[in-house]
Amino acid sequence: MLEPLHIVILAAGKGTRMRSQLPKVMHPLANQPLIAHVRRTAEALNPASLITVAAEDAPNVVAAMAPYPCVIQRERLGTGHALQTALQQHAFASGWVVVVYGDTPLLQAGTIRRMCATFTEHPNTGVVALGFHTDNPHGYGRLLVQGGMLQAIVEEKEATPLQRAITLCNAGIMAFRTDLLPALLARLDNNNSKQEYYLTDTVAHARHLGVDARMVEVDAGQVLGINTRAELATVEALLQQRLRQTHLEAGVTLVAPETVFFSADTVIEADVVVEPFVVIGTGVRIASGSHIKAYSHLEGCSIGSNCVVGPYARLRPDTVLADDVRIGNFVELKKTTMGQGSKANHVSYMGDSRVGQDCNNGAGTIN
Ligand code: UD1
Ligand code: MG
């Protein structure tokens with residue numbers, strides 16, 4: 001992409017239905033906050049600016065996005081108002097502004113690239129919305145498309161019965177030509193049933209200004225939003241499938257993929273074998289040729305080449321295994337370094353320890 005890309009993440013929603021003290025976008029998915037997934041996707045696009053609209057009482061959201069700036073939306077007056085709030089504090093010089101949601105973590109960078117490509121392919125385009133088909137459109141804005149052009153987005157509450165029958169829905173992700181955005185946002189009002197400033201009304205306003213709006217379609221699975229714990233679990237399952245697929249394609253053997261759980265930041269080299277029922281927490285690296293046996297739990301550890309870990313091993317944070325190390329059943333390590341060729345094969349605990357090369361820790365050892 002030649003034009004500068006500005007990304008705004010909307011994350012000021014209350015998330016009431018999560019029934020949680022934690023802001024919705026801070027709930028973990030593959031052991032990282034929801035918003036960290038959106039951040040990673042945004043960063044993959046190398047944006048000229050990345051701004052998050054956060055609620056007033058969400059300091060952890062601000063921390064999760066640092067060093068990128070957050071804009072605080074004190075009153076939650078709608079998606080259009082959220083973008084207005086961002087624009088009041090950040091002037092975008094040129095290019096495109098893409099609005100994404102902090103609670104839609106499966107969105108992929110390629111989809112945003114496709115949206116932005118529309119501006120180049122069809123030069124009179126000012127707004128691009130992301131649409132998807134679903135059998136259950138309840139709650140979504142509907143896309144009114146005619147002759148390949150997006151005419152309007154109608155929120156469900158404002159829709160006529162005929163419009164409600166439309167199954168092409170608005171995912172919420174929208175892209176704008178930067179120079180048009182101030183004029184489009186200035187035209188928004190809250191004369192609707194929710195008394196909110198709807199970002200989706202920008203489509204109709206663009207057309208009144210003689211500018212085209214278009215739609216890019218995406219698979220519904222990529223734009224699943226999270227509003228409840230049940231949806232969080234559904235998205236977790238989808239993300240785990242995606243992570244398993246990625247590791248398999250990278251040359252990792254998963255004997256029973258559906259039983260292995262990864263973190264979003266797990267790094268595994270080719271020719272590692274992972275047996276069934278292994279759980280991998282954050283900050284784990286496994287070098288090539290290692291074999292992780294069944295029912296092991298790994299977290300914050302680095303495993304060298306050609307190690308054998310488990311069955312039933314527990315590696316806790318700051319554990320480092322050099323190459324050719326063997327850790328057997330019911331062995332727990334914390335903040336421990338094991339030198340090359342060392343073993344702890346049965347029932348033992350080592351914490352805050354340094355073990356040299358070729359040592360053998362016998363059964364029942366506690367360090
Ligand atoms: C929105 C879209 C709808 C679309 C749906 C997809 C509008 C008017 N409607 O509806 O067409 O089908 O998303 O899920 O845009 N937010 C703020 N500040 C606000 C309001 C919202 O930051 O004042 C954030 C929320 O945190 C959330 C996102 O914007 O990440 C969407 O808000 P939400 O209230 O869920 O919009 P919907 O009513 O679902
Ligand atoms: Mg929503």
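In listed order, ligands and their atoms are each counted from 1. None of the values given here were measured: they were computed from a predicted structure.
Between Tyr312 and Tyr295, the ring planes are parallel. Angles under 30° get that label, and only those over 60° would be called perpendicular.
Checked against side-chain hydrogen bond (donor to acceptor under 3.5 Å, both in side chains), Ser49 has the following partners two or more places apart in sequence or in another chain: His6.
Salt bridge Glu275/Lys293: absent, no basic N to carboxylate O contact under 4.0 Å.
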Working note: Trp96 + Met115, criterion side chain to side chain contact (heavy atoms under 4.5 Å, CB included); need CA distance, chi angles, decisive distance, verdict. CA-CA 10 Å; Trp96 304 306; Met115 292 176 75; over 6 Å; no

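Protein residues with a heavy atom under 4.0 Å from ligand 1 are Leu10, Ala11, Ala12, Gly13, Gln73, Arg76, Leu77, Gly78, Thr79, Ala82, Tyr101, Asp103, Tyr140, Gly141, Glu155, Asn170, Ala171, Lys194, Tyr198, Thr200.
A cation-pi contact, defined as under 6.0 Å to the ring centre and within 45° of the axis, links Arg244 to Phe261.
Clustering ILVMFWY residues whenever any of their side-chain heavy atoms sit less than 4.5 angstrom apart, transitively, puts Leu248 in a cluster other than the one holding Val267.
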